[in-house]
Amino acid sequence: MKFQLFTIAFAALTLFSCGVNQNKSMSANNDQVEITNTKWVLQTLEGQKVDAFQNGKEISFTLDTEENRINGFSGCNSFFGIYNLEEGNRIRFSALGATRMACPEGAINENDFLEIFNLADNYTINGDRLELNVGKRAPLAVFKKAKNYAEPIVEKYWKLKKLEGKDIKMVKNQVKEIFFMLKTDDNRVTGFAGCNTILGSYKLEEGNRIRFSNMGSTMMACPDVDINEADFLKIFQIVDNYTIDGDTLTLNFGRRAPLAVFEAVYFN
């Protein structure tokens, strides 16, 4: 009888141990799934808070499960390389490279940021927060999972209807209507200001906040078009929030009257 009880107890212990090991394995696998195919935006570097929005884009990286590639943006240049995940939340980066764009001096040193991928050997995930670590020291860098903004403002053709409270109509000899679009690839702004094509970058934040940067335009001269493009371009410097009601978009500054009103146009 004692032998039978011992056998049963041993079997139960073995099953429990297997269950724990299986749960640990599943947890590790879940962490690996969570870290991949997700855009991670930089929050702190060596314990210091940083503004991740640099030169029109966010300092971030993504681990692509196809061919184990890492791709990201370091503040001025794009970078790329190879990553390898192992049990115990171990991670290694190799064959790292970057473009060689010359940019104005940014808020952070790109080399300092890229060095964390040479040093990191493990990671920690807590909700939407990711830490890259070396050993058991304080995190080299902390990232936050990028929000998936399924906003109705993006990928739409917004035709200008009112500017500073005044109705806008196409003027004589104007080639096409004034409009803009927010493209989700690389957060690009494209559009037309009445004579010239406009371009730049944008960033969406919680609470219908919006920020434009690096806005510019072509330098065409249109003497026969009676329109002040500068008034339209100025709103992208001032605006800090937006409102959407159906197919009507307003760009605003604070709680003042709308800077501009647009209408969504759909093409077959």
Side-chain angles (χ1 to χ4, degrees), residues 22-101 103 106-151 154 183-188 201-206:
Q22 185 177 13
N23 287 338
K24 285 183 178 178
S25 177
M26 289 176 64
S27 177
N29 289 337
N30 287 338
D31 281 350
Q32 289 191 10
V33 169
E34 278 191 57
I35 195 176
T36 59
N37 299 320
T38 298
K39 181 179 177 182
W40 295 103
V41 180
L42 182 65
Q43 299 292 294
T44 68
L45 182 63
E46 295 288 357
Q48 301 295 315
K49 274 193 171 185
V50 298
D51 182 2
F53 194 64
Q54 300 289 323
N55 296 305
K57 295 173 66 177
E58 291 176 317
I59 300 175
S60 61
F61 75 91
T62 301
L63 302 182
D64 189 344
T65 50
E66 292 185 18
E67 299 182 356
N68 282 44
R69 301 282 299 177
I70 176 175
N71 297 286
F73 178 70
S74 55
C76 172
N77 287 279
S78 297
F79 69 95
F80 44 87
I82 304 294
Y83 74 92
N84 184 45
L85 296 177
E86 299 174 357
E87 289 185 8
N89 285 13
R90 308 288 293 177
I91 190 167
R92 292 288 184 183
F93 299 94
S94 60
L96 291 174
T99 55
R100 295 180 176 271
M101 295 282 290
C103 297
I108 72 168
N109 186 313
E110 282 192 299
N111 291 330
D112 291 344
F113 174 68
L114 292 174
E115 181 64 12
I116 69 173
F117 297 98
N118 290 322
L119 297 174
D121 62 9
N122 72 92
Y123 67 92
T124 306
I125 287 184
N126 185 7
D128 63 355
R129 174 187 167 106
L130 166 69
E131 298 175 356
L132 289 183
N133 318 303
V134 55
K136 296 183 179 181
R137 303 177 194 173
L140 298 168
V142 177
F143 299 81
K144 189 173 182 179
K145 185 182 293 185
K147 292 188 179 296
N148 182 19
Y149 289 101
E151 298 286 356
V154 300
K183 307 295 291 181
T184 52
D185 56 314
D186 288 335
N187 286 50
R188 292 183 300 117
S201 301
Y202 72 93
K203 181 183 180 184
L204 298 178
E205 299 174 340
E206 291 183 4

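Nearest heavy atom pair, residue E34 against residue I125, reads OE1-CG2, 3.5 Å. Contact detail for S74 and F113: the closest heavy-atom pair is CB-CD2, 3.6 Å. Scanning all heavy atoms of the two residues, the minimum distance from I116 to A141 falls at CD1-CB, 3.5 Å. Taking both residues in full, the closest heavy atoms of I82 and A95 are given as CG1-CB, 4.2 Å, listed atom of the first, atom of the second, then distance. Of all heavy-atom pairs spanning L96 and I70, the tightest one is CD2-CG2, 4.0 Å. Pairing each heavy atom of Q54 with each of G75, the nearest pair is CB-O, 3.6 Å.
At distances below 3.5 Å, at least one donor-acceptor pair connects side-chain atoms of E110 with backbone N or O atoms of C76. Remark: the backbone N or O of R90 is not paired with any side-chain donor or acceptor of D121 at under 3.5 angstrom. Under a 3.5 Å cut-off, the side chain of N71 and the backbone N or O of F80 do not form any donor-acceptor pair. A donor-acceptor pair is defined here as one N or O able to donate and one able to accept, closer than 3.5 Å; no such pair exists between the side chain of D128 and the backbone of K144.
Counting heavy atoms from C-beta outward, L140 and E46 have side chains that approach closer than 4.5 Å. Looking at T36 and Y83, their side chains come closer than 4.5 Å, going by heavy atoms from C-beta outward. Side-chain contact between N77 and L114 is absent, with no heavy-atom pair separated by less than 4.5 Å. You'll find the side chain of L85 reaches within 4.5 Å of the side chain of I35, heavy atoms only.
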> Could you walk me through whether L63 and N37 pass the side-chain contact (heavy atoms from CB on, under 4.5 Å) check?
Replying inline: CA-CA 5 Å; L63 302 182; N37 299 320; over 6 Å; no
> Do E115 and N118 pass the side-chain contact (heavy atoms from CB on, under 4.5 Å) test, and can you show the C-alpha distance, the side-chain angles, and the key distance before you say yes or no?
Replying inline: CA-CA 5 Å; E115 181 64 12; N118 290 322; 3.2 Å; yes
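To the nearest 0.5 Å, atom CG of residue L204 and atom CG of residue N187 are 7.0 Å apart. Note that NZ of K49 and CD of Q43 are 8.0 Å apart. Values are rounded to the nearest 0.5 Å. Atoms OG and CZ, from S78 and F73 in turn, are 6.5 Å apart once rounded to the nearest 0.5 Å.
Of the residues listed (L130, L42, V41, T38), the one engaging F61 in a side chain to side chain contact (heavy atoms under 4.5 Å, CB included) is L130, and it is the only one.
With a 6.0 Å radius and a threshold of 12 heavy atoms from other residues, nucleotides or ligands, N84 has its CG atom above the threshold.
Listed by chain and number, the residues in a salt bridge (Lys or Arg N to Asp or Glu O under 4.0 Å) with K183 are E155 (sequence neighbours excluded). Residues satisfying the side chain to side chain contact (heavy atoms under 4.5 Å, CB included) criterion with E131, sequence neighbours excluded, are T124, R129, N133, P139, V142.
Between F143 and F117, the ring planes are tilted. Angles from 30° to 60° get that label.
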